[in-house]
Amino acid sequence: MSMDSPLLQGLNPEQRRAVCQTDGPVLVLAGAGSGKTRVITRRIAHVLARGLARPCEIAAVTFTNKAAEEMRERVGALVGKERAAEIAISTFHSFCVRVLREHIAHLGYRRDFTISTESDARVLMRRVLEDLDGSTKQRFDADLLLGAIGSFKNAARSLEDAAPSVADSGKSAHYREWFGEVYDRYQSALRAANSVDFDDLLALTLRLWRTHPGVLRQCQDRFRYIMVDEFQDTNRVQLELVKALGGKHRNVCVVGDDDQSIYGWRGAEPRNILDFEREFPGATVVALEQNYRSTETILNAANAVIAHNAARHPKRLWSALGKGRAIDWVVTGDDDHEAQTVVQWLEMVRRKTGAAYKDFAVLYRSNTQSRPIEIALRQASIPYVVVGGQDFFERSEIKDVVSYLKALANPRDEASFLRIVNVPRRGIGDATLHRIHDLCREESLPFVKGVGEALRRGLVSAEARHGIQDLLSALRDHRDRLRTGKEPLSVIVESLLERIAYRKELQRTSKTDEQAFVRWNNVEAALDAIAEFADKNAGASLGAFLDQSALAGGDDRFSKKERRSSGVTLMTVHSAKGLEFPFVFVVGAEEGLMPHEKCLGPEGIEEERRLFYVALTRGQRHVTLFEALSRGRHGRTHRTKTSRFVLEIPGEWLQRREMAASDAAPDCPDSPPAPDPPRRSGKTSRGQKGRS
């Protein structure tokens, strides 16, 4: 392709090389703000333009639905929406759902399996522990075991390797003895319910490919080109999936930045990107070091900090946007004074630069740090939004609705049935449920079959019998209506909610009429979402909607409402990854918070340093660091120490300002932050996905 091709115009030499290198494995080390999304989307379009693959032969995977949607839109602008729709652009989990829907029967599951939420999994685990020997079951923590099982699945380890890690977590070695038994029982309970948990989506796909080579060959034959975004965030099982899928054509391109690997706590393996050349021999490595977001000063400070990490690919970000002003390091008295200073500093910068409130972000290590800042902003009548609130699908009324939908789609789904069996109240108490559980355990029956058998044998009271029969009848009737396909999905769901008088149940269980009104509005929003899904996906099943619901959330919680906000953004540094703001305030720049006191081992310190690096590189025009000399924790006031990461910034790029008197307002400097650097046309604005 000619270098004059529109697909290559506007790219710097390194970006152009990454786009044009289409043969064999490629590692694109994309530093913060270096234009990685542009590279991925142009590369997809370049492969299509050269006729190297058809759209359906390209798979592009990332980590959030929001990122996948943005990639799909940008590819559509380059190649057309119809061609873009044929490309498999999705998250890892969504990709695996599609594979399992087609082939999971090879593993003994039905294709109409449901995906268990965290709360579903917790219900099943508690039931598993209830079924253990009485002297044993009290000695386990369900959440700890679920976490260990998830880590085991994501690391693609053996049970022998997983058990010691549970025992080493601070719990009794008794966990090591029983881990295999608990794991087997938990997986059996899932399988009996024809359900999989979130981690199973990846682990079962890998098992499917390893145990059924013919299925793997079908997938390999289909996808000639594989592209992976945010590769530094992959865990071991995701790496193995990429290696397996790309094993035939070897046209695997991964894009990521080891300096922004900040999700080790949820299984991400920085070694995946560091060892890419060993995992994919003969790989081409392209480093993107030109940053299009920040001033030279911000990048020089970030480079100086991250250079202290040993486990990294050497790279040094640079910018053509001008030097900019030194980073301000503001030392305050305590956390309340820190919050007051943040507000006063923000107003000073806004007044002298003409910035809007939406141009500011306050970043912190822990959600608990937001409280005094929120109070100070409220007192100053400054609008703000806290990112990372409760997920829509985690609200109790939405969990109820989704559980009813799961019970409709999959009659074997035990966790969902247990949630709805007494919502609304049907006189079915714990004693009845225990009798049914005992029957299921003694005769190895799936739970829902056990319910029917308990009714037949007269093991439940008359009131409970009536309630269960009403529930089963409502589910059966609406399941039959679903099968006919003659009515819109949303109409059937609304009919089911009317049948069980769910709105009255919300009125009964809400503390106020206003709360009941809000909760029912949430239910109506869910009905609207179902109708919208059906309109956009003609002929799609209830199971398809449930898949979408199960795969939403997490990093996608930065809602449209939050993105439209005209106020200051408050969020954790983890939540800020991938975003950019003209002015960034980082609070709590102290030992114990940055780095966090729970992450002081060698690997932990390196990840905490990467987190600080991410915080710095969110800033476009200016970054201000705030430190409190004392901070309240656990009901006591403690003296603090300056974060080692602040001390790693050379003095030429840092301006320290002492404002320690907790009863005095800060004397804000007269010199404002630097004016806006030159901007490229089309540059993203505050709160939008940046070039990270």
Side-chain angles (χ1 to χ4, degrees), residues 93-94 96-105 107-121 123-124 189-198 200-201 204 392-394 397-421 423 446-452 468 470-500 502 523 526-553:
H93 291 87
S94 295
C96 289
V97 166
R98 288 200 291 270
V99 173
L100 293 175
R101 286 289 176 212
E102 188 172 351
H103 300 290
I104 199 170
L107 300 179
Y109 292 79
R110 295 160 53 112
R111 292 177 62 180
D112 61 349
F113 65 86
T114 49
I115 303 170
S116 291
T117 63
E118 288 184 17
S119 57
D120 294 336
V123 168
L124 285 185
L190 280 172
R191 186 167 170 177
N194 195 38
S195 185
V196 301
D197 66 21
F198 206 59
D200 276 330
L201 296 175
L204 288 178
F392 179 76
F393 288 98
E394 288 300 311
E397 60 273 14
I398 302 305
K399 284 184 176 182
D400 290 341
V401 172
V402 170
S403 292
Y404 267 100
L405 298 184
K406 285 184 174 182
L408 280 178
N410 176 15
R412 295 169 174 244
D413 193 327
E414 176 180 342
S416 296
F417 191 86
L418 284 172
R419 181 175 184 91
I420 66 175
V421 71
V423 177
F447 183 76
V448 177
K449 282 192 175 182
V451 170
I468 292 174
D470 276 353
L471 173 60
L472 294 177
S473 175
L475 292 173
R476 183 171 56 251
D477 291 347
H478 288 81
R479 197 176 293 127
D480 289 342
R481 289 170 63 178
L482 275 174
R483 290 195 186 102
T484 67
K486 295 180 179 179
E487 299 174 89
L489 179 58
S490 58
V491 170
I492 296 175
V493 176
E494 188 172 5
S495 171
L496 175 61
L497 296 180
E498 289 177 2
R499 170 89 171 257
I500 64 173
Y502 187 67
V523 172
L527 293 172
D528 289 342
I530 294 170
E532 182 180 351
F533 175 82
D535 288 342
K536 290 182 177 179
N537 303 273
S541 66
L542 172 59
F545 174 77
L546 290 171
D547 284 349
Q548 182 196 62
S549 302
L551 296 170

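These values consider heavy atoms only, across backbone and side chains, with no hydrogens, waters or symmetry-generated copies.
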Minimal heavy-atom distance between R101 and G543, with the atoms involved, is NH2-O, 4.3 Å
In Å and rounded to the nearest 0.5 Å, what is the CD1 to CG distance from I492 to D477?
11.5 Å
Could you pull out the closest heavy-atom pair between D112 and A409, with the gap in Å?
OD2-O, 4.0 Å
In Å and rounded to the nearest 0.5 Å, what is the CG to CG distance from L100 to D200?
9.0 Å
Donor-acceptor pair, distance only, cut-off 3.5 Å: does the side chain of R412 make one with the backbone of S195?
no
Test item: L471 and F417 side chains (from C-beta on) under 4.5 Å apart, heavy atoms:
yes
Quick one: are H478 and L482 in side-chain contact, heavy atoms under 4.5 Å?
no
Please state whether the rings of H93 and F198 are parallel, tilted or perpendicular, taking 30° and 60° as the class boundaries.
parallel
Search all heavy atoms of L408 against all heavy atoms of L475 and return the closest pair with its distance.
CD2-O, 3.4 Å
Taking C-beta and beyond as the side chain, do L542 and L489 meet within less than 4.5 Å on heavy atoms?
yes
Side-chain donor-acceptor pair under 3.5 Å between S119 and R419, yes or no?
no
CG (L546) and CG (N410) are apart, to the nearest 0.5 Å, by 9.5 Å
Heavy-atom side-chain contact between I115 and V97 under 4.5 Å
yes
Here the gap from N194 atom CG to D413 atom CG, rounded to the nearest 0.5 Å, amounts to 8.5 Å
Strictly by modelled atom types, are D400 and S403 linked by a side-chain donor-acceptor pair under 3.5 Å?
no
So do the side chains of K406 and V402 get within less than 4.5 Å of each other, counting heavy atoms only?
yes
With a 4.5 Å limit on heavy-atom distance, are the side chains of L405 and I530 in contact?
yes
Pick out which of L418, D197, L190 makes a side-chain contact (heavy atoms from CB on, under 4.5 Å) with L124.
L190
So which heavy atom on A407 is nearest to which on I420, and how close?
CB-CD1, 3.7 Å
Return the CG to CZ distance between L204 and R191, rounded to the nearest 0.5 Å.
10.0 Å
Determine whether E494 and P488 make a side-chain contact, defined as any pair of heavy atoms from C-beta on separated by less than 4.5 Å.
no
OH-OG1 distance between Y109 and T114, expressed to the nearest 0.5 angstrom:
11.0 Å
May I ask you to check whether over 12 heavy atoms, not counting those of E487, lie within 6.0 Å of atom CD?
yes
So, do Y502 and L496 sit near enough that their side-chain heavy atoms are less than 4.5 Å apart?
no
Quick one: closest heavy-atom pair of S495 and R481, and the distance?
OG-NH1, 2.8 Å
